[in-house]
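Lettering follows sequence order; numbering is per chain, from 1. Heavy atoms only: backbone and side chains are in, while hydrogens, waters and symmetry mates are out.
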There are 2 protein chains.
Amino acid sequence: MLRLSKRVEYGLIAVRHIAALHVGTVVTAKEISDRYHIPFDLLAKILQRLSKSGLVIAQHGVKGGYSLSKSPDQIPLSLIVNAIEGRQVVAVCISEKNEDCRISETCTIKSSLFKIQNNVDQIFSTMLLSEIV
Amino acid sequence: MLRLSKRVEYGLIAVRHIAALHVGTVVTAKEISDRYHIPFDLLAKILQRLSKSGLVIAQHGVKGGYSLSKSPDQIPLSLIVNAIEGRQVVAVCISEKNEDCRISETCTIKSSLFKIQNNVDQIFSTMLLSEIV
DNA sequence: GGAATCACGACTCTTTCGGTCGTATTTGAA
DNA sequence: TTCAAATACGACCGAAAGAGTCGTGATTCC
Ligand code: SF4
Ligand code: SF4
């Protein structure tokens, strides 16, 4: 409960590493995987998601690799987290669409959980990648 | 990821209900279970944990039930959460004792996760039960 | 053309979570 | 004194989520 997934941890480590590079240089998934002892296949998928979201830029082929798409001080951690895991909510009734909580009708704590959700969102949207490099 | 457990949700609903009662009255697990459509056995176990932690007082036997041990404005949500699930951390390396993360040696985001942890703790320790009744 | 790299999805294994069950204990009242 | 109503505890199970692996294909540089 309330635990970050390994995906997000690995993603943060990877993005932080990429952010610490000199601009213009790329780094390969293999290099990051080796450096931090992260399972290669898993890390690869994470980087693919980050690439798909546009947060990092992927360079195919030999001499390829990843680089950052914008300045680290323009990237709140929420962007990274959302790219990897999608929007995360503290309770199922908070996602826009889904209302599949059995006791939703009689629930008395929805508004409180909304507050908690906002505070959690705040944490990730105010911390910038530039703060953690 | 980052989702509250059903136990905590049910616990919050239950404690909030108890807190809304007139002092001196007790309420039974069955009543709460019926009122909010929470599985009885599960709710019972949750209330047992709350009782064990001293947060609620259990009255055995016929005419028994639960009541609050102190004023709702003396109870931060963290107390309820901890009673139900124990101390919760955003990453395994944050719990005092356990260091079973394979990549702990090369990890570069520990301090950032500590910050996040502190902010999360802040959320639950500043919200009081009295605010959500 | 071939090697290095990213891209994608299916799959398995493990852990966590939600929920149930059986049984024991306490207590008030008939 | 007996019984029913209630809490207390732990074991158990099935479902779901999480972590990690594998196979295959596409892109790019040399
Ligand atoms: S309705 Fe109440 S119980 Fe159901 S998910 Fe939302 S908050 Fe949790
Ligand atoms: S060491 Fe790094 S990766 Fe391992 S748990 Fe702590 S933060 Fe997560």
Side-chain angles (χ1 to χ4, degrees), chain A residues 1-11 13-14 18 25-34 36-67 81 83-86 88-92 98 100-103, chain B residues 1-11 13-14 18 25-34 37-67 83-86 88-92 98 100-103:
Chain A
M1 184 196 136
L2 286 180
R3 170 119 354 146
L4 263 50
S5 70
K6 281 294 176 192
R7 279 195 192 83
V8 163
E9 291 195 337
Y10 295 161
I13 292 174
I18 299 174
T25 67
V26 301
V27 63
T28 167
K30 182 82 173 49
E31 286 171 311
I32 300 178
S33 156
D34 285 345
Y36 301 101
H37 310 113
I38 300 172
F40 173 78
D41 290 310
L42 187 49
L43 177 63
K45 274 205 312 192
I46 295 166
L47 286 166
Q48 281 159 28
R49 294 192 195 184
L50 290 167
S51 161
K52 204 168 179 180
S53 84
L55 211 151
V56 304
I57 297 171
Q59 174 71 23
H60 279 221
V62 181
K63 291 292 172 188
Y66 295 97
S67 56
V81 171
I84 297 173
E85 300 277 23
Q88 296 296 303
V89 291
V90 297
V92 296
N98 240 327
D100 45 10
C101 172
R102 303 178 326 182
I103 69 171
Chain B
M1 184 195 138
L2 285 181
R3 174 134 332 162
L4 262 50
S5 70
K6 282 294 177 192
R7 280 193 192 85
V8 163
E9 291 195 337
Y10 294 160
I13 292 174
I18 299 174
T25 67
V26 300
V27 62
T28 167
K30 182 84 172 48
E31 287 172 310
I32 300 178
S33 156
D34 285 347
H37 309 114
I38 300 173
F40 173 78
D41 290 311
L42 187 49
L43 177 62
K45 272 205 310 193
I46 295 166
L47 286 166
Q48 282 160 28
R49 294 191 195 186
L50 290 167
S51 161
K52 203 168 180 181
S53 84
L55 212 151
V56 304
I57 297 172
Q59 173 72 22
H60 280 222
V62 183
K63 291 292 173 186
Y66 295 96
S67 57
I84 297 173
E85 301 276 23
Q88 296 296 303
V89 291
V90 298
V92 296
N98 240 330
D100 44 12
C101 172
R102 302 180 325 184
I103 69 171

(request) Tell me which of A/P39 and A/K63 sits closer to the 5' end of DNA chain D, going by the nucleotide each one is nearest to. (result) A/P39
(request) Nearest-nucleotide wise, let me know which of A/E85 and A/G61 is further upstream toward the 5' end of DNA chain D. (result) A/E85
Rounded off to whole Å, could you give me the [atom1]-to-[atom2] distance for the [X] and [N] pair?
| X | N | atom1 | atom2 | value |
| --- | --- | --- | --- | --- |
| B/D100 | D/dA19 | CG | P | 13 Å |
| B/H60 | D/dA6 | NE2 | P | 13 Å |
| A/L4 | D/dG18 | CG | C1' | 13 Å |
| A/L42 | D/dT21 | CG | C1' | 10 Å |
| B/F40 | D/dT7 | CZ | P | 6 Å |
| B/D34 | D/dA6 | CG | P | 11 Å |
| B/L50 | D/dT7 | CG | C1' | 13 Å |
| B/R7 | D/dA16 | CZ | P | 16 Å |

(request) Report the end-to-end axis angle of the helix from C/dG1-D/dC30 to C/dA30-D/dT1; each axis comes from five terminal pairs, and the value is rounded to 10°. (result)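 Helix axis angle between the two ends: 10°.
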If you round to the nearest 0.5 Å, how far is [atom2] of [Y] from [atom1] of [X]?
| X | Y | atom1 | atom2 | value |
| --- | --- | --- | --- | --- |
| B/I38 | A/R102 | CD1 | CZ | 9.0 Å |
| B/T28 | B/Y66 | OG1 | OH | 8.0 Å |
| A/L42 | A/R7 | CG | CZ | 6.5 Å |

Is any side-chain heavy atom of [X] closer than 4.5 Å to a side-chain heavy atom of [Y]?
| X | Y | answer |
| --- | --- | --- |
| A/I18 | A/I32 | yes |
| A/V81 | B/L2 | no |
| B/S53 | B/Q48 | no |
| A/V90 | B/R3 | no |
| A/Y36 | A/L43 | no |

Phosphate-side-chain proximity, [X] and [N], N/O vs OP1/OP2 below 4.0 Å:
| X | N | result |
| --- | --- | --- |
| A/Y10 | D/dA19 | no |
| B/R49 | D/dT7 | no |
| A/S5 | D/dA17 | no |
| B/Q59 | D/dA5 | no |

(request) Would you grab the first and last nucleotide of DNA chain C (5' to 3') that comes under 4.0 Å of any non-hydrogen atom in chain B? (result)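 Result: C/dG18 to C/dG28.
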(request) State which residues pass side-chain hydrogen bond (donor to acceptor under 3.5 Å, both in side chains) with A/K6; sequence neighbours excluded, sorted by chain then number. (result)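 Checked A/K6 against side-chain hydrogen bond (donor to acceptor under 3.5 Å, both in side chains); matches are A/E9.
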(message) So, using side-chain hydrogen bond (donor to acceptor under 3.5 Å, both in side chains) as the criterion, who are the partners of A/S5 when residues are at least two apart?
(response)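 Listed in chain order: A/E85.
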(request) Would you indicate what A/A29 reaches in the nucleic acid, counting non-hydrogen atoms under 4.0 angstrom: base, sugar-phosphate, or nothing? (result)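 A/A29: backbone/sugar contact only, no base atoms under 4.0 Å.
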(request) Kindly determine whether B/I57 and B/V26 satisfy side-chain contact (heavy atoms from CB on, under 4.5 Å), including the steps that lead there. (result) CA-CA 9 Å; B/I57 297 172; B/V26 300; over 6 Å; no
(message) Go nucleotide by nucleotide along DNA chain C from the 5' end; which of A/T28 and A/V62 gets its closest nucleotide reached first?
(response) A/V62
Just the atom pairs and distances: protein N or O near nucleotides 9-13 of chain D's N or O, under 3.5 Å.
residue	atom	partner	partner atom	Å
D/dA11	N6	B/K45	NZ	3.3

(message) B/K30: which residues meet the salt bridge (charged side-chain N to carboxylate O under 4.0 Å, His left out) condition with it, sequence neighbours left out?
(response)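 Residues passing salt bridge (charged side-chain N to carboxylate O under 4.0 Å, His left out) with B/K30: B/D34.
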